[in-house]
Q: 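Below you'll find the structure I mean.
Everything numeric here is computed off the predicted structure, so don't read it as measured data.
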Amino acid sequence: MGPGTAFGLSAAKPVSEVRQTRALGLETRPVVIGPVTFLLLAEAAPGAPAGFAPLDRLTDVLGVYERLLATLAAEGVGWVQLDEPALVTDLGAVELAAVRAAYERLGCLTDRPSLLVASYFGGLGEALPVLAGTPVEAVGVDLAHGDPAGLGALAGKTVVAGVVSGRDVWRTDRERALGALLAVREHAGRVVVSTSCSLLHVPYDLDAETGLDPALRRRLAFADQKVAEVVELADLLASASAPGSPAVPVSAPAPVTVPAPASASDPVAVPASASASAPVAVPAPAPAPMGERTGRSPYPVRAAAQAAHLRLPPLPVTTIGSFPQTGELRAARAALAAGELDEAAYEERVRAEIREVVALQERLGLDVLVHGEPERNDMVQYFAEHLDGFAVTRHGWVQSYGSRCTRPPILHGDVRRPEPITVRWASYAQSLTARPVKGMLTGPVTIVAWSFVRDDLPLRDVVFQVADAVRAEVRDLEATGLSVVQVDEPALRELLPLRRAGQDAYLEWAVAAYRWATSGAGDRTQIRTHLCYSDADQILAAVDALDADVTSVESARSGARLLGEPAVKGFGRGLGPGVYDIHSPRVPTADEVGELLEAALRVLPADRVWVNPDCGLKTRTYGQVEAALTNLVEAARRLRGAVESRP
């Protein structure tokens with residue numbers, strides 16, 4: 001976005017959806033991203049004037065919102081919801097002034113529906129009194145993850161109280177939720193019971209999960225069950241406000257919304273630890289400060305040992321881990337689950353795929369190979385299926401990004417690794433080649449971030465339990481003869497608290513958990529990590545503190561923005577800025593890859609630069625992958641001569 005970006009209104013989609021639902025006899029509330037969040041999430045276009053920020057275009061954007069509200073009013077829409085999740089982050093004077101200006105202007109319109117401004121994933125903080133002072137009719141607040149303190153500022157307004165969490169799968173503590181609703185009612189003009197956010201983030205219906213352990217099922221609520229909880233809490237609140245009504249027995253048994261084996265005596269709120277044993281002792285009670293080494297020799301010592309052992313050329317070429325998951329592989333996995341294919345036949349299919357992937361990489365000339373991960377359905381679910389303390393669903397799909405969906409595991413108890421998980425397939429791949437093969441693991445922070453996590457232990461303690469399991473796997477991979485082990489942490493940035501006050505503490509223990517997970521490896525074993533979807537440029541100090549020997553990061557997709565960060569020049573270990581955007585079917589030419597490598601060599605010493613794609617190749621076709629990797633190898637070969645001739 002730049003100073004000259006033109007904004008226009010295309011209201012066909014919300015209008016058609018209003019008409020479709022009205023034809024079904026339903027009145028709906030259109031939901032639109034709010035103007036402040038829209039601009040705060042935007043980026044300045046390349047070439048925009050220095051000092052320009054998308055928020056500078058607020059006045060122009062508000063004109064489009066005015067036309068949208070007028071259009072919806074003409075359709076007879078009674079309410080419009082404007083989502084402003086950015087309001088739960090740290091806001092300065094400029095951002096708060098924008099909130100005030102936006103909602104004073106929109107609220108003063110005469111030709112509009114009633115306005116609900118909703119935020120989620122935390123408390124509104126300093127934005128709350130600002131919103132309260134504008135003419136909007138209703139404010140949505142996340143009371144499952146925020147504090148009801150300060151809601152007195154909303155006196156006279158409708159408060160949409162999000163007391164049922166939309167971000168996890170645990171049943172609501174009815175006593176806590178009703179207490180929050182009663183507290184809000186002391187101040188608000190009207191209280192509406194709601195979920196804390198959209199139910200997009202949770203599976204649809206627990207009734208479909210007949211294979212889950214009965215004790216665990218009694219602790220769970222998916223989207224359908226959460227809607228039932230909202231209705232029940234609304235009824236309880238109404239009963240509490242009826243003239244002459246008795247006090248509501250908030251701790252009394254509630255109607256069961258989960259099918260058998262739950263009984264009518266089961267309370268809605270079941271402690272998250274109901275079926276868990278006592279928490280195990282975590283391996284590192286206090287995280288070491290970032291930068292303090294844990295268990296391994298300093299990087300120069302390790303780098304020398306690894307160089308002598310691996311004997312790699314300059315600008316070594318590798319991939320991130322996964323190769324295309326073909327239709328045949330997915331069909332074989334589905335046939336195994338359905339009992340239509342036996343375990344022996346399935347494993348032979350996996351072995352055949354590994355043989356083909358290893359042979360392809362050798363033929364193309366890659367330097368460090370991978371086994372392609374044909375046995376894995378998902379980088380988190382696969383590990384959850386092999387660790388104690390996790391449960392996986394059959395139908396619990398949620399949207400990941402775009403049209404892609406995933407089934408997050410449910411981390412409900414203490415995490416233990418009963419036996420090695422990846423050793424068999426990684427060692428098989430290594431037996432097929434004299435070139436080094438990477439052992440591929442998902443890191444502890446990412447496993448936890450992409451699961452539904454128990455809420456009866458601090459998140460840090462849960463992550464360290466997973467880190468202990470990963471550490472054992474690293475040691476077993478090394479013992480079986482692998483010289484390279486990659487422990488991916490793409491979610492490191494994702495779990496970063498939204499407010500700065502909690503970020504340093506999180507990064508301290510997240511880094512410590514990674515270092516514990518990898519601390520058992522010897523100096524000769526190259527430990528690698530990978531980050532994507534993560535805006536790694538925003539947390540480079542923490543990435544550096546992970547102390548991985550090599551870090552690969554998404555870079556091509558973002559136009560090599562990472563290389564412009566001053567901290568990259570001081571990055572102390574190997575770095576592989578991605579040179580192939582795997583999100584696009586387009587194959588980069590060798591010249592394009594070479595330009596990206598030359599940009600990396602301008603800011604990094606040549607002996608620390610690696611050549612790799614942005615991310616795994618799971619979503620691409622073999623035709624695209626073979627062509628792209630051919631060009632990566634060619635670009636690296638062209639530059640090696642110049643690198644080797646440097647003094």
Side-chain angles (χ1 to χ4, degrees), residues 316-326 329 350 353-358 360-362 364 366-383 386 400 404 406 421-430 432-433 435-447 450 470 473-474 477 482-492 514 517-518 525-534 536 546 548-557 574-583 610-622 624-626 628-629 632:
V317 182
T318 188
T319 64
I320 300 306
S322 62
F323 264 64
Q325 284 270 329
T326 63
L329 270 177
V350 170
E353 186 74 14
I354 292 173
R355 290 193 295 270
E356 292 173 11
V357 166
V358 169
L360 173 63
Q361 293 171 91
E362 285 197 316
L364 295 180
L366 275 71
D367 301 295
V368 175
L369 313 188
V370 297
H371 79 289
E373 305 175 17
E375 79 285 6
R376 304 186 191 183
N377 42 25
D378 175 83
M379 66 182 295
V380 171
Q381 182 181 336
Y382 180 75
F383 287 89
H386 292 82
S400 175
R404 299 194 181 279
T406 185
I421 302 170
T422 66
V423 170
R424 181 164 58 116
W425 297 120
S427 59
Y428 175 67
Q430 185 63 82
L432 301 173
T433 178
R435 301 183 190 189
V437 172
K438 287 192 289 189
M440 296 299 308
L441 306 177
T442 303
V445 170
T446 298
I447 288 176
W450 293 349
V470 174
E473 191 74 13
V474 170
L477 285 168
L482 269 73
S483 300
V484 183
V485 179
Q486 182 168 306
V487 183
D488 291 345
E489 283 290 22
L492 183 67
Y514 183 90
T518 57
T525 299
Q526 185 181 84
I527 295 294
R528 305 174 62 98
T529 193
H530 170 66
L531 295 94
C532 58
Y533 314 113
S534 55
L546 294 175
D549 300 308
V550 180
T551 300
S552 57
V553 289
E554 183 180 287
S555 179
R557 191 181 187 209
L575 190 66
V579 293
Y580 165 26
D581 176 10
I582 61 86
H583 293 283
W610 282 71
V611 184
N612 51 254
D614 267 355
C615 197
L617 305 172
K618 180 177 180 178
T619 60
R620 300 270 57 92
T621 67
Y622 268 103
Q624 295 162 355
V625 164
E626 183 166 353
L629 294 182
L632 263 66

Q: Looking at every heavy atom in both D581 and A556, which two are closest together, and how far apart are they?
A: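 Smallest heavy-atom distance, with atoms named: N-CB, 3.8 Å.
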Q: Do you know the tightest heavy-atom contact between H530 and S552?
A: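 Answer, listing the atom of H530 first, then S552: ND1-OG, 3.0 Å.
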Q: With the side chain counted from C-beta on, respond yes when P324 and V625 share a heavy-atom pair under 4.5 Å apart, and no when they do not.
A: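 Of all side-chain heavy-atom pairs linking V625 with P324, at least one is under 4.5 Å.
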Q: Within the structure provided, determine whether T433 and Q361 are in side-chain contact (heavy-atom separation under 4.5 Å).
A: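 When only atoms from C-beta onward are counted, Q361 and T433 do not touch, as no gap falls below 4.5 Å.
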Q: Are T319 and Y580 close enough, and set up right, to give a side-chain contact (heavy atoms from CB on, under 4.5 Å), and what steps lead you there?
A: CA-CA 10 Å; T319 64; Y580 165 26; over 6 Å; no
Q: To check you understand the geometry: which heavy-atom pair defines the closest contact between V368 and K438, and what is its length?
A: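 It is CG1-CG, 3.5 Å.
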Q: In sequence, state the C-alpha distance, the side-chain angles, and the governing distance for M379 and W450, and then conclude on side-chain contact (heavy atoms from CB on, under 4.5 Å).
A: CA-CA 10 Å; M379 66 182 295; W450 293 349; 3.6 Å; yes
Q: Do the ring planes of Y428 and W425 sit parallel (below 30°), tilted (30 to 60°) or perpendicular (above 60°)?
A: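 Judged by the thresholds at 30° and 60°, the geometry between Y428 and W425 is perpendicular.
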Q: From L531 CG over to D614 CG, what is the distance, rounded to the nearest 0.5 angstrom?
A: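 Taking CG in L531 and CG in D614, the distance rounds to 12.0 Å.
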Q: Measuring from L482:CG to H371:NE2, what's the distance to the nearest 0.5 Å?
A: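 These two atoms lie 10.0 Å from each other.
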Q: With heavy-atom distances below 4.5 Å as the criterion, would you say the side chains of M440 and R376 are in contact?
A: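 In contact.
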Q: For residues L546 and L492, report the shortest heavy-atom separation together with the two atoms involved.
A: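 The answer is CD1-CD2, 4.2 Å.
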Q: Might you point out which heavy atoms bring V470 and A517 nearest each other, and give the distance in Å?
A: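 Residues V470 and A517, closest heavy atoms: CG1-CB, 3.9 Å.
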Q: Measure the CG-OG1 distance between L441 and T422 for me, rounded to the nearest 0.5 Å.
A: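 One finds 5.0 Å between CG of L441 and OG1 of T422.
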Q: Are V484 and V550 close enough that some pair of their side-chain heavy atoms sits under 4.5 Å apart?
A: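 No, their side chains stay 4.5 Å or more apart.
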Q: What's the separation between atom CG in D367 and atom CH2 in W610, rounded to the nearest 0.5 Å?
A: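 Spacing of CG (D367) from CH2 (W610) equals 7.5 Å.
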Q: Between R528 and T318, is there a side-chain heavy-atom distance shorter than 4.5 Å?
A: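 A side-chain contact under 4.5 Å exists here.
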Q: Not counting sequence neighbours, which residues clear salt bridge (charged side-chain N to carboxylate O under 4.0 Å, His left out) with E373? List them please.
A: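 Salt bridge (charged side-chain N to carboxylate O under 4.0 Å, His left out) check on E373 returns nothing, list empty.
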Q: To the nearest 0.5 Å, how far apart are CG in L369 and CD1 in I354?
A: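 If I round to the nearest 0.5 Å, the distance is 12.5 Å.
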Q: In chain order, what residues pass the side-chain contact (heavy atoms from CB on, under 4.5 Å) check against T621, with sequence neighbours excluded?
A: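 side-chain contact (heavy atoms from CB on, under 4.5 Å) check on T621 returns Q624.
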Q: Quick check: does any side chain N or O of S322 sit under 3.5 Å from a backbone N or O of L617, one acting as donor and the other as acceptor?
A: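 Yes; at least one donor-acceptor contact below 3.5 Å.
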Q: Do I320 and I582 make a side-chain contact, defined as non-hydrogen atoms from C-beta onward lying under 4.5 Å apart?
A: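 SC-SC contact between I320 and I582 ruled out.
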Q: Checking side-chain contact (heavy atoms from CB on, under 4.5 Å) for the pair L629/L360: CA distance, chi angles, key distance, verdict?
A: CA-CA 10 Å; L629 294 182; L360 173 63; 5.7 Å; no
Q: Pick one: which of V487, V485, I421 meets side chain to side chain contact (heavy atoms under 4.5 Å, CB included) with E473?
A: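 For E473, the side chain to side chain contact (heavy atoms under 4.5 Å, CB included) test succeeds with only one of V487, V485, I421, which is I421.
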Q: Under 3.5 Å, is there a donor-acceptor pair between the side chain of Q526 and the main chain of D549?
A: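 Flag not set: sc Q526 to bb D549 has no pair under 3.5 Å.
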Q: If I take atom CZ from residue R620 and atom CD from residue E626, how far apart are they, to the nearest 0.5 angstrom?
A: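 Rounded to the nearest 0.5 Å, the CZ-CD separation comes to 15.5 Å.
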Q: Hey, does F323 have a side-chain heavy atom less than 4.5 Å from the side chain of V370?
A: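 Side-chain contact under 4.5 Å: yes.
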Q: Side-chain contact, heavy-atom cut-off 4.5 Å: T529 with T518?
A: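 In short, these two side chains do not touch, never coming nearer than 4.5 Å.
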Q: Of all residues at least two apart in sequence or in a different chain, which pass the side-chain contact (heavy atoms from CB on, under 4.5 Å) check with T406?
A: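 Checked T406 against side-chain contact (heavy atoms from CB on, under 4.5 Å); matches are D378, V398, S400, P408.
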Q: With side-chain contact (heavy atoms from CB on, under 4.5 Å) as the test, would you mind laying out the steps for T446 and F383 before giving the verdict?
A: CA-CA 11 Å; T446 298; F383 287 89; over 6 Å; no
